Amino acid sequence: MDIMFDYFRFTVRTDNNSDNPYPVDLSTVYSLLDFSDVTIENFQSIGKGSMYYADYLSFDGISIAIPHPETADVMGYMVTMTGTGCRKYEDIIGKKFYCWKPLFNRLQGAVSDGCHINICRLDVATDDKSEVENGGLLDIDEISRCALNREYVSLFRLNADNFSGSPSVPEFQSVCQSKKGVVGRTISFGNRKSNAYLRFYDKYAERLVNEYNGKLENAPDDF
(Lines give C-alpha, C1' and ligand atoms only; values in the text may rest on other atoms or scores of the structure.)
Protein backbone atom coordinates (compact mmCIF):
# COMPACT_ATOMS: atom_id res chain seq x y z
CA MET A 1 0.00 0.00 0.00
CA ASP A 2 1.39 3.38 -1.05
CA ILE A 3 0.47 6.55 0.86
CA MET A 4 1.40 9.92 -0.59
CA PHE A 5 0.40 13.56 -0.95
CA ASP A 6 -1.29 13.92 -4.32
CA TYR A 7 -2.15 17.63 -4.41
CA PHE A 8 -1.10 20.59 -2.26
CA ARG A 9 -2.00 24.27 -2.38
CA PHE A 10 -1.26 27.09 0.06
CA THR A 11 -1.08 30.87 0.07
CA VAL A 12 1.29 33.14 1.95
CA ARG A 13 0.97 36.88 2.54
CA THR A 14 1.91 39.52 5.08
CA ASP A 15 -0.17 39.31 8.25
CA ASN A 16 -1.01 42.94 8.85
CA ASN A 17 -2.73 41.99 12.10
CA SER A 18 0.50 40.64 13.52
CA ASP A 19 2.55 42.63 16.03
CA ASN A 20 5.48 42.32 13.61
CA PRO A 21 4.13 41.93 10.04
CA TYR A 22 6.64 40.23 7.75
CA PRO A 23 6.98 41.72 4.23
CA VAL A 24 6.32 38.71 1.98
CA ASP A 25 7.84 38.55 -1.50
CA LEU A 26 8.86 35.81 -3.95
CA SER A 27 12.07 35.09 -2.04
CA THR A 28 9.91 34.29 1.01
CA VAL A 29 8.10 31.62 -1.00
CA TYR A 30 11.33 30.05 -2.24
CA SER A 31 12.69 30.04 1.29
CA LEU A 32 9.58 28.30 2.66
CA LEU A 33 9.90 25.65 -0.05
CA ASP A 34 13.64 25.31 0.73
CA PHE A 35 14.56 25.74 -2.94
CA SER A 36 18.17 26.26 -3.96
CA ASP A 37 19.27 28.78 -6.57
CA VAL A 38 19.65 25.92 -9.05
CA THR A 39 16.03 24.90 -8.58
CA ILE A 40 14.77 28.49 -8.73
CA GLU A 41 16.36 28.92 -12.16
CA ASN A 42 14.07 26.20 -13.53
CA PHE A 43 10.92 28.20 -12.87
CA GLN A 44 9.64 29.97 -15.95
CA SER A 45 6.87 32.50 -16.41
CA ILE A 46 3.93 31.10 -18.38
CA GLY A 47 3.47 34.55 -19.90
CA LYS A 48 -0.01 35.28 -18.67
CA GLY A 49 -1.78 36.16 -15.47
CA SER A 50 -5.43 36.48 -14.51
CA MET A 51 -7.78 38.96 -12.94
CA TYR A 52 -6.47 37.82 -9.57
CA TYR A 53 -2.75 37.26 -10.23
CA ALA A 54 -0.22 39.16 -12.32
CA ASP A 55 1.84 36.14 -13.40
CA TYR A 56 2.48 32.45 -12.82
CA LEU A 57 5.83 30.72 -12.52
CA SER A 58 5.85 27.01 -13.30
CA PHE A 59 8.19 24.02 -13.15
CA ASP A 60 7.20 20.38 -13.60
CA GLY A 61 3.84 20.41 -11.80
CA ILE A 62 4.75 23.14 -9.28
CA SER A 63 3.36 26.63 -9.87
CA ILE A 64 3.67 29.93 -8.01
CA ALA A 65 1.05 32.62 -8.60
CA ILE A 66 2.41 36.17 -8.34
CA PRO A 67 -0.09 38.75 -7.01
CA HIS A 68 -0.59 42.23 -8.38
CA PRO A 69 1.33 44.73 -6.20
CA GLU A 70 -1.84 46.53 -5.14
CA THR A 71 -3.51 43.29 -3.95
CA ALA A 72 -0.46 41.44 -2.60
CA ASP A 73 -1.48 42.01 1.02
CA VAL A 74 -4.90 40.47 0.29
CA MET A 75 -4.23 37.71 -2.23
CA GLY A 76 -0.68 36.77 -1.32
CA TYR A 77 1.43 34.28 -3.28
CA MET A 78 -0.22 30.97 -4.12
CA VAL A 79 1.78 27.74 -4.43
CA THR A 80 0.17 24.75 -6.14
CA MET A 81 1.59 21.26 -6.51
CA THR A 82 -0.25 18.70 -8.64
CA GLY A 83 0.43 14.98 -8.19
CA THR A 84 3.38 15.36 -10.54
CA GLY A 85 4.48 18.45 -8.63
CA CYS A 86 4.37 16.62 -5.29
CA ARG A 87 6.64 13.88 -6.69
CA LYS A 88 8.94 16.54 -8.17
CA TYR A 89 9.14 18.34 -4.83
CA GLU A 90 10.20 15.10 -3.16
CA ASP A 91 12.89 14.65 -5.82
CA ILE A 92 14.13 18.22 -5.42
CA ILE A 93 14.43 18.07 -1.65
CA GLY A 94 15.76 14.51 -1.86
CA LYS A 95 14.02 13.07 1.19
CA LYS A 96 10.95 11.58 -0.47
CA PHE A 97 7.97 11.52 1.87
CA TYR A 98 10.01 12.85 4.81
CA CYS A 99 10.48 16.24 3.16
CA TRP A 100 6.91 17.23 4.01
CA LYS A 101 7.14 17.55 7.79
CA PRO A 102 9.95 20.14 7.59
CA LEU A 103 7.88 22.08 5.05
CA PHE A 104 4.85 22.17 7.34
CA ASN A 105 7.12 23.16 10.23
CA ARG A 106 8.44 26.09 8.17
CA LEU A 107 4.89 27.14 7.30
CA GLN A 108 3.92 27.01 10.95
CA GLY A 109 7.02 29.01 11.88
CA ALA A 110 6.19 31.63 9.27
CA VAL A 111 2.90 32.31 11.05
CA SER A 112 4.82 33.10 14.23
CA ASP A 113 7.14 35.37 12.22
CA GLY A 114 4.35 37.61 10.91
CA CYS A 115 3.10 35.78 7.80
CA HIS A 116 -0.44 34.65 7.10
CA ILE A 117 -0.51 31.07 5.79
CA ASN A 118 -3.63 29.43 4.39
CA ILE A 119 -3.56 25.76 3.37
CA CYS A 120 -6.29 25.69 0.73
CA ARG A 121 -6.13 22.03 -0.24
CA LEU A 122 -4.21 18.89 0.71
CA ASP A 123 -5.00 15.55 -0.94
CA VAL A 124 -3.73 12.34 0.65
CA ALA A 125 -3.84 9.32 -1.68
CA THR A 126 -3.69 5.71 -0.51
CA ASP A 127 -3.13 3.21 -3.31
CA ASP A 128 -4.07 -0.31 -2.24
CA LYS A 129 -2.15 -2.78 -4.41
CA SER A 130 -2.39 -5.76 -2.06
CA GLU A 131 -4.08 -9.03 -3.08
CA VAL A 132 -6.09 -7.40 -5.83
CA GLU A 133 -7.65 -10.71 -6.83
CA ASN A 134 -9.07 -11.04 -3.28
CA GLY A 135 -10.38 -7.47 -3.02
CA GLY A 136 -7.31 -5.93 -1.39
CA LEU A 137 -7.20 -4.32 2.04
CA LEU A 138 -9.67 -1.65 0.90
CA ASP A 139 -12.29 -3.97 -0.61
CA ILE A 140 -14.63 -1.68 -2.52
CA ASP A 141 -17.45 -4.25 -2.39
CA GLU A 142 -17.19 -4.36 1.41
CA ILE A 143 -16.94 -0.57 1.62
CA SER A 144 -20.10 -0.28 -0.49
CA ARG A 145 -21.96 -2.81 1.68
CA CYS A 146 -20.98 -1.02 4.89
CA ALA A 147 -21.99 2.35 3.45
CA LEU A 148 -25.40 1.11 2.32
CA ASN A 149 -26.01 -0.51 5.74
CA ARG A 150 -24.75 2.58 7.63
CA GLU A 151 -22.07 0.50 9.33
CA TYR A 152 -19.65 3.35 9.93
CA VAL A 153 -19.16 6.47 12.04
CA SER A 154 -18.75 9.81 10.27
CA LEU A 155 -18.86 13.55 10.88
CA PHE A 156 -20.30 14.11 7.40
CA ARG A 157 -23.97 14.97 7.47
CA LEU A 158 -26.62 15.40 4.79
CA ASN A 159 -28.17 18.79 4.20
CA ALA A 160 -31.76 18.54 5.42
CA ASP A 161 -32.91 20.55 2.37
CA ASN A 162 -31.56 17.90 0.00
CA PHE A 163 -32.60 14.76 1.84
CA SER A 164 -36.10 13.52 2.58
CA GLY A 165 -35.10 11.51 5.64
CA SER A 166 -33.34 12.42 8.86
CA PRO A 167 -30.68 15.14 8.45
CA SER A 168 -28.53 13.21 10.94
CA VAL A 169 -27.88 10.41 8.42
CA PRO A 170 -24.23 10.61 7.25
CA GLU A 171 -23.78 11.62 3.63
CA PHE A 172 -22.29 9.32 1.00
CA GLN A 173 -22.66 8.61 -2.69
CA SER A 174 -22.08 5.37 -4.60
CA VAL A 175 -21.76 5.71 -8.37
CA CYS A 176 -20.96 3.22 -11.14
CA GLN A 177 -19.70 4.57 -14.43
CA SER A 178 -18.90 2.89 -17.74
CA LYS A 179 -16.30 4.22 -20.15
CA LYS A 180 -14.72 2.44 -23.09
CA GLY A 181 -16.41 -0.76 -21.97
CA VAL A 182 -14.87 -0.63 -18.48
CA VAL A 183 -17.12 -0.27 -15.43
CA GLY A 184 -15.64 1.52 -12.42
CA ARG A 185 -17.19 2.37 -9.08
CA THR A 186 -16.73 5.39 -6.82
CA ILE A 187 -17.92 5.74 -3.21
CA SER A 188 -17.53 9.18 -1.66
CA PHE A 189 -18.28 10.73 1.72
CA GLY A 190 -18.89 14.46 2.00
CA ASN A 191 -18.52 16.62 -1.10
CA ARG A 192 -15.86 18.71 -2.78
CA LYS A 193 -17.05 21.83 -0.95
CA SER A 194 -16.63 20.18 2.45
CA ASN A 195 -13.64 20.90 4.67
CA ALA A 196 -12.83 17.21 4.19
CA TYR A 197 -13.78 14.83 1.39
CA LEU A 198 -13.21 11.06 1.33
CA ARG A 199 -13.37 9.08 -1.89
CA PHE A 200 -12.80 5.39 -2.73
CA TYR A 201 -12.55 4.47 -6.39
CA ASP A 202 -11.32 1.73 -8.70
CA LYS A 203 -7.83 2.81 -9.72
CA TYR A 204 -7.45 -0.34 -11.80
CA ALA A 205 -10.42 0.64 -13.98
CA GLU A 206 -9.23 4.25 -14.24
CA ARG A 207 -5.75 3.21 -15.43
CA LEU A 208 -7.17 0.67 -17.85
CA VAL A 209 -9.26 3.40 -19.51
CA ASN A 210 -6.73 6.24 -19.42
CA GLU A 211 -3.54 4.33 -20.18
CA TYR A 212 -4.65 1.33 -22.26
CA ASN A 213 -7.82 2.54 -24.04
CA GLY A 214 -10.00 0.21 -21.97
CA LYS A 215 -8.45 -2.94 -23.45
CA LEU A 216 -6.69 -5.40 -21.19
CA GLU A 217 -4.75 -6.80 -24.14
CA ASN A 218 -3.00 -3.42 -24.42
CA ALA A 219 -1.76 -3.61 -20.84
CA PRO A 220 1.43 -5.39 -19.74
CA ASP A 221 1.16 -8.94 -18.40
CA ASP A 222 1.71 -7.83 -14.79
CA PHE A 223 -0.96 -5.07 -14.93
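We're numbering straight along the sequence, starting at 1. Keep in mind the model is a prediction, meaning the values are calculated, not measured.
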(message) So that I can tick it off, tell me whether R185 and D141 are bridged by a salt bridge, with the cut-off set at under 4.0 angstrom between side-chain N and carboxylate O.
(response)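 Result for this pair is yes, salt bridge flagged.
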(message) Looking at Y22, is its backbone amide N or carbonyl O close enough to the side chain of T14 to form a donor-acceptor pair, meaning the two atoms are under 3.5 Å apart?
(response)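 Side chain of T14 to backbone of Y22: a pair is present.
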(message) Closer than 3.5 angstrom, by distance alone: can the side chain of D202 be matched with the main-chain N or O of Y204 as a donor-acceptor pair?
(response)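 Looks like yes, one N/O pair under 3.5 Å.
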Decide yes or no for [X] and [Y]: does some side-chain heavy atom of the first lie under 4.5 Å from some side-chain heavy atom of the second?
{"X": "I62", "Y": "T80", "answer": "no"}
{"X": "F200", "Y": "S188", "answer": "no"}
{"X": "I117", "Y": "T11", "answer": "no"}
{"X": "Y56", "Y": "I64", "answer": "no"}
{"X": "Y212", "Y": "V182", "answer": "no"}
{"X": "L26", "Y": "L57", "answer": "yes"}

(message) Once rounded to the nearest 0.5 Å, what's the spacing between atom CD1 of I187 and atom OG of S174?
(response)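 Atom-to-atom, I187:CD1 and S174:OG are 4.5 Å apart.
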(request) Working to the nearest 0.5 Å, report the span between CZ of F189 and CG of L198. (result)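 Reported to 0.5 Å precision, the distance equals 6.5 Å.
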(message) Show the nearest heavy-atom pair for residues I119 and F10, with the distance to one decimal.
(response)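 Heavy-atom minimum between the residues: CA-CB, 4.1 Å.
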(request) Applying salt bridge (charged side-chain N to carboxylate O under 4.0 Å, His left out), name anything that partners D60, two or more places apart in sequence or on another chain. (result)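 K88.
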(request) Can you run down the salt bridge (Lys or Arg N to Asp or Glu O under 4.0 Å) pairs that involve residues 110-126, sequence neighbours left out, and say none if there aren't any? (result)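 Output for this query lists R121-D123.
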(message) Considering only residues two or more places apart or on different chains, which pairs with a residue in residues 9-34 satisfy salt bridge (Lys or Arg N to Asp or Glu O under 4.0 Å)?
(response)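 As it turns out, there is no salt bridge (Lys or Arg N to Asp or Glu O under 4.0 Å) pair with a partner in residues 9-34 once direct neighbours are skipped.
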Return yes when atom [atom1] of [X] has more than 12 non-hydrogen atoms of other residues, nucleotides or ligands closer than 6.0 Å, and no otherwise.
{"X": "Q108", "atom1": "CD", "answer": "no"}
{"X": "Y52", "atom1": "OH", "answer": "no"}
{"X": "E206", "atom1": "CD", "answer": "yes"}
{"X": "K215", "atom1": "NZ", "answer": "no"}
{"X": "N20", "atom1": "CG", "answer": "no"}

(message) Taking I46 as the starting point, is it possible to reach M78 by hopping between hydrophobic residues whose side chains are less than 4.5 Å apart?
(response)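 Linked within one cluster.
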(request) Report the relative orientation of the aromatic rings in F5 and F104; use parallel for angles under 30°, tilted for 30 to 60°, perpendicular for over 60°. (result)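 Geometry flag for F104 against F5: perpendicular rings.
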(message) Quick check on the 6.0 Å ring-centre criterion: do F35 and F43 meet it?
(response)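 Yes, the ring centres sit under 6.0 Å apart.
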